[in-house]
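Please read the structure below before turning to the comments.
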Amino acid sequence: MLFSNMSSAAGAAGRYLGQTLRLMVGVPDYETYVAHMRRTHPDQEPMTYEAFFRERQDARYGGKKRIGCC
């Protein structure tokens, strides 16, 4: 029983750490987005992973509206 609780706590900590690290380097968390959409907007279809990733990249880096040399 104790090992089971420790194992699930370690798993939860690992997931939290993984999510934190992904957010720190700018990798969006698709699973969290889908859970949010199902919970708060059940009438709307979530974006595909590809569309979600592209939208997050555009939001972070300015997409086609970006002005710069690179």
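The backbone N or O of Pro46 sits nowhere less than 3.5 Å from a side-chain atom of Tyr33 that would complete a donor-acceptor pair.
Side-chain contact check for His36 versus His41: some heavy-atom pair is nearer than 4.5 Å.
Note: Tyr30 and Tyr49 have perpendicular aromatic rings, judged against thresholds of 30 and 60 degrees for the angle between ring planes.
To the nearest 0.5 Å, atoms CE (Met37) and CE (Met47) are separated by 7.0 Å.
Partners of Arg15 according to the side-chain contact (heavy atoms from CB on, under 4.5 Å) rule, which considers only residues two or more places apart in sequence or in another chain, are Ala12. Annotation: side-chain contact (heavy atoms from CB on, under 4.5 Å) contacts of Thr48 (sequence neighbours excluded): Glu50, Ala51.
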